[in-house]
Enquirer: 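Got a structure here, written out as structure tokens. Questions coming.
Every chain is numbered from 1, with letters handed out A, B, ... down the list of sequences. Everything numeric here is computed off the predicted structure, so don't read it as measured data.
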There are 4 protein chains.
Amino acid sequence: MRKVDPEKHAARRQAILDAARTCFARKGFHQTSTAEICAAVGMSPGNLFHYFPNKQEIIGAIVDQEGEETAAFFQTLGARDDLHAALLDFMDLVLELAADAEFSSLALEIAAEAGRDPAIAMRVGRNDRELRSALQGLLAEAAARGQADATLDMADAATWVAALIDGIFSRVAVDGEFKPKNQHATMRVLLGRFLRPQADASTVTAGA
Amino acid sequence: MRKVDPEKHAARRQAILDAARTCFARKGFHQTSTAEICAAVGMSPGNLFHYFPNKQEIIGAIVDQEGEETAAFFQTLGARDDLHAALLDFMDLVLELAADAEFSSLALEIAAEAGRDPAIAMRVGRNDRELRSALQGLLAEAAARGQADATLDMADAATWVAALIDGIFSRVAVDGEFKPKNQHATMRVLLGRFLRPQADASTVTAGA
Amino acid sequence: MRKVDPEKHAARRQAILDAARTCFARKGFHQTSTAEICAAVGMSPGNLFHYFPNKQEIIGAIVDQEGEETAAFFQTLGARDDLHAALLDFMDLVLELAADAEFSSLALEIAAEAGRDPAIAMRVGRNDRELRSALQGLLAEAAARGQADATLDMADAATWVAALIDGIFSRVAVDGEFKPKNQHATMRVLLGRFLRPQADASTVTAGA
Amino acid sequence: MRKVDPEKHAARRQAILDAARTCFARKGFHQTSTAEICAAVGMSPGNLFHYFPNKQEIIGAIVDQEGEETAAFFQTLGARDDLHAALLDFMDLVLELAADAEFSSLALEIAAEAGRDPAIAMRVGRNDRELRSALQGLLAEAAARGQADATLDMADAATWVAALIDGIFSRVAVDGEFKPKNQHATMRVLLGRFLRPQADASTVTAGA
DNA sequence: TATGAATGAGAATTCATTCAT
DNA sequence: GATGAATGAATTCTCATTCAT
């Protein structure tokens, strides 16, 4: 009896997060009432607060969960032989996620909320740091293997890959003609040219 | 004497937009009360509605104004000799705007709102279409002059430049370590490699 | 120059009253904003207050005007030979007015407002007293001429004729099937039986 | 124990309706704020909206309730032997209700609101149709029993009885001297003469 | 007179959260 | 844990009225 409870609790908690994700994506965080989430889960309006102390914590938990998912995914990438290819495959996945309007909206929503609530900013920042650090590690190792341009500053390169990921999610919201499915090739050209070892390394020094 | 009235009206309207911009950037659109905006302008709480029929129209007007500013700026770019350089200069400007936290937050906020309110989405979409079309025109002309890789699909290329711009604004919100000022060089490397005429054109077909 | 002003003023005042009548009939007194009335007259929102000190006075003036119109009309009735017929003709007119939805709505609106605002109640009460007094006079004279049942209490009889008039206006609002045009005959039966000299006077004492 | 909840809910709902009735009668529907009603019930300002989705629904519910009460009362009338007397007794009741200033005001208020809000008009219209249909049924049966004038169009007759009822409530608002208690006798004369089987049927054809 | 900007007190909801059951 | 009634502050928007021009 006592053993089932924690499982049930976790399942219920997850159900809340899933419902909230959908609601937040559709209407935005502050446009969604806790009552709406409760209705979506099939829960009484007060009961939600047995699982989360307040609304902000729901977003916080969603952010944390996304961070965990990304990290888990990245762990599978390191084992690959061609890390450049691994990165491009990861970006393919991003494009696939972006094709899910809910996911894109949510990503934007979270970024926007990070701009306001410092507590969320901290959690989002942690995820982002981990993502960039993973990207940087991947790129550094790729460079070591001759699969990436070793002359790049890998922290900066990772930052711009991350910017590109953010940009993809923005596109979905902002550009009705943007179909992630059709953009895999151009994405590969863009990142390929940016990251591959350069025949003429002089271009690297073109900056400023 | 009679001429002053419309001017006053326009000035007051603009003051509202400016105050709203700041408020929205700081707290988000739906977190900002119309009363706060009024207080920021130094206006009684009801008076704002002599200038805008409702809150959504304030955001709408801000969006429209940003669109006009961008368009105006782009008109100056076409006259340049080196269009590739012109584009990079434009991106420098974007990085400078992004360094203004208010501007970045607002950009994100608008994108997020576009994901919810179709009326805003339409106005944002129009701006975005114009930006991409201007970018595409610039790139096409650059290619014709041998300043850009003519093998690229220019619509797609413009789309990814736009994604990068969006991404830059997201970075500011999401990545505390991101300092736009320090990223001009890497941005130039990234875009340079993507857009320049390629020595080895075969890389273009690397897709899928 | 100075002579034209009072005429213009009166015309403008009347225009306001006419517009207000329409607005009040359509949306109700408290649902109509002064701005709406101004728009209907083609007048700036502040200007109305040069003609009426406040909104209540507009209703008050409408009430007074209706009273004057009724009184004027009644003066023409007294000259008739058959006063019973004169009364029925008056009721025909009431039915015709009731066919005008605006007039009916307004009548109801005024009655309702009298139930709330004592100042309006006083003005409405004065009109009503005059109407009942005119009716009573008419009935008394009719009785004297053998055209009405002399055994009736003419004050009470007048009161019930007035109630019937009120009731007609209510019908229009409340009963979608009520078409005043079709009710002239039944009205005449009803009032005829009530007011005519009775063959069998014993029925009069049937009460209580 | 579980059964108490719905009862409590219904009781609270009824308390709101009762308070609202009083407030609406005193100040009019649109002059009464929801906060006032809440205060009258002893309820926090937001709590009312757990019981009614909006203010209009409160009026709607009051209208429906009045309809039910009238219908319930009418069911008791049909069993009577003398239906003419039954009708007059019903009218006595109307006069007694009219003596309650709150009831009269409310009746007027509802009629006025029906002139504006179609949703209310529909509900009021339904009640009115039922009342007239009940009256018509009563009159038809009375005629069949020789207790009413069979030559009357019973639908029209019912309509005019209804008009008289409306008129009574208007009187209270409009005529300060009108005391329903003193008008039972005259009402009985009026309706008696209108509805009773006529000695001289020729009067019926007096119309137009 | 006429204009329309300005005021500021409300209005009806809404909503996160609490709490008795 | 679960329910849903209750709270009360906050929100957007309205409106009669004033007043400088």
Side-chain angles (χ1 to χ4, degrees), chain A residues 4-6 8-9 12-13 30-39 41-58, chain B residues 1-2 4-6 8-9 12-13 30-38 41-58, chain C residues 4-5 8-9 12 30-39 41-58, chain D residues 1-2 4-6 8-9 12-13 30-38 41-58:
Chain A
V4 180
D5 267 4
K8 228 178 190 169
H9 186 90
R12 214 98 165 89
R13 215 182 116 96
H30 295 286
Q31 269 38 55
T32 302
S33 68
T34 55
E36 270 171 296
I37 300 172
C38 288
V41 202
M43 190 177 249
S44 72
N47 197 14
L48 183 130
F49 294 89
H50 286 300
Y51 295 91
F52 295 93
N54 55 49
K55 205 180 161 187
Q56 295 290 330
E57 267 310 302
I58 301 179
Chain B
M1 281 283 151
R2 283 281 155 85
V4 177
D5 264 8
K8 221 179 189 172
H9 188 90
R12 214 100 167 85
R13 214 183 116 97
H30 294 287
Q31 268 39 53
T32 303
S33 70
T34 56
E36 271 172 295
I37 301 172
C38 288
V41 202
M43 193 176 243
S44 73
N47 197 15
L48 182 139
F49 295 93
H50 279 293
Y51 296 90
F52 296 94
N54 54 49
K55 207 181 162 187
Q56 295 290 330
E57 269 309 303
I58 301 179
Chain C
V4 179
D5 267 5
K8 230 181 193 168
H9 187 91
R12 214 99 166 90
H30 295 286
Q31 269 38 55
T32 302
S33 68
T34 56
E36 270 171 297
I37 301 171
C38 288
V41 201
M43 189 177 250
S44 71
N47 197 14
L48 182 128
F49 294 90
H50 286 301
Y51 296 90
F52 296 92
N54 55 50
K55 205 179 160 188
Q56 295 290 330
E57 267 312 302
I58 300 179
Chain D
M1 280 282 151
R2 283 280 155 83
V4 177
D5 264 7
K8 220 177 190 173
H9 188 91
R12 214 99 166 86
R13 216 183 114 96
H30 294 287
Q31 268 38 54
T32 302
S33 71
T34 56
E36 270 172 296
I37 301 171
C38 288
V41 202
M43 193 177 245
S44 73
N47 197 16
L48 183 138
F49 295 92
H50 280 293
Y51 296 91
F52 296 93
N54 53 50
K55 206 180 162 187
Q56 295 289 329
E57 269 310 303
I58 300 179

Enquirer: Find the distance B:Asn54:CG to F:dT11:P and express it as a whole number of Å.
Expert: 17 Å
Enquirer: What pair of heavy atoms forms the shortest contact from A:Glu57 to A:Pro53, and how long is it?
Expert: CG-CG, 3.5 Å
Enquirer: Can you check whether C:Ser44 has a side-chain N or O nearer than 4.0 Å to OP1 or OP2 of E:dG4?
Expert: no
Enquirer: Decide yes or no on side chain to side chain contact (heavy atoms under 4.5 Å, CB included) for C:Leu48 and C:Ile58, but give the supporting numbers first.
Expert: CA-CA 10 Å; C:Leu48 182 128; C:Ile58 300 179; 3.8 Å; yes
Enquirer: Between B:Ala35 and C:Pro45, which has a closest nucleotide on DNA chain F that is more 5'?
Expert: B:Ala35
Enquirer: Output the single nucleotide from F:dA2, E:dA6, E:dA2 whose closest atom is nearest the side chain of A:Arg12.
Expert: F:dA2
Enquirer: Could you check how far CD of D:Glu57 sits from P of E:dA12, rounded to whole Å?
Expert: 16 Å
Enquirer: Relative to the 5' end of DNA chain F, which residue comes earlier, B:Gln31 or D:Asn47, by the nucleotide with the nearest heavy atom?
Expert: D:Asn47
Enquirer: Nearest heavy atom decides the nucleotide; on that basis, is D:His50 or D:His30 closer to the 5' end of DNA chain E?
Expert: D:His30
Enquirer: Looking at every heavy atom in both C:Lys55 and C:Thr32, which two are closest together, and how far apart are they?
Expert: NZ-O, 2.7 Å
Enquirer: Let me know the distance between CG of A:Leu48 and P of F:dT3, rounded to the nearest Å.
Expert: 12 Å
Enquirer: Taking only side-chain nitrogens and oxygens of C:Thr34, does any of them come within less than 4.0 Å of OP1 or OP2 of F:dA16?
Expert: yes
Enquirer: Could you give the NZ-to-P distance, from D:Lys8 to E:dA20, as a whole number of Å?
Expert: 12 Å
Enquirer: How long is the line joining CZ of B:Phe49 and P of E:dG10, in whole Å?
Expert: 18 Å
Enquirer: Is it the case that the base of E:dA5 and the side chain of B:His9 share a donor-acceptor contact (distance under 3.5 Å, atom types as modelled)?
Expert: no
Enquirer: Any strand is fair game: report the nucleotide pairing with F:dT11 by Watson-Crick or G-U wobble, both distances under 3.5 Å, or none.
Expert: E:dA12
Enquirer: Rounded to whole angstroms, how far apart are CZ on B:Phe52 and C1' on F:dT12?
Expert: 16 Å
Enquirer: Whole Å only: how far is the NZ atom of B:Lys55 from the P atom of F:dT12?
Expert: 4 Å
Enquirer: Just wondering, do A:Arg12 and A:Met43 contact through their side chains at under 4.5 Å, heavy atoms?
Expert: yes
Enquirer: With a 4.0 Å cut-off on heavy atoms, is B:Tyr51 in touch with a base, just the backbone sugar-phosphate, or nothing at all?
Expert: sugar-phosphate
Enquirer: Rounded to whole angstroms, how far apart are CD1 on B:Ile37 and P on F:dT12?
Expert: 8 Å
Enquirer: Taking pairing as Watson-Crick or G-U wobble with both contacts under 3.5 Å, can you name the mate of F:dA6, or confirm there isn't one?
Expert: E:dT17
Enquirer: Report the residue from B:Glu36, B:Gln31, B:His30 that forms a side chain to side chain contact (heavy atoms under 4.5 Å, CB included) with B:Ser33.
Expert: B:Glu36
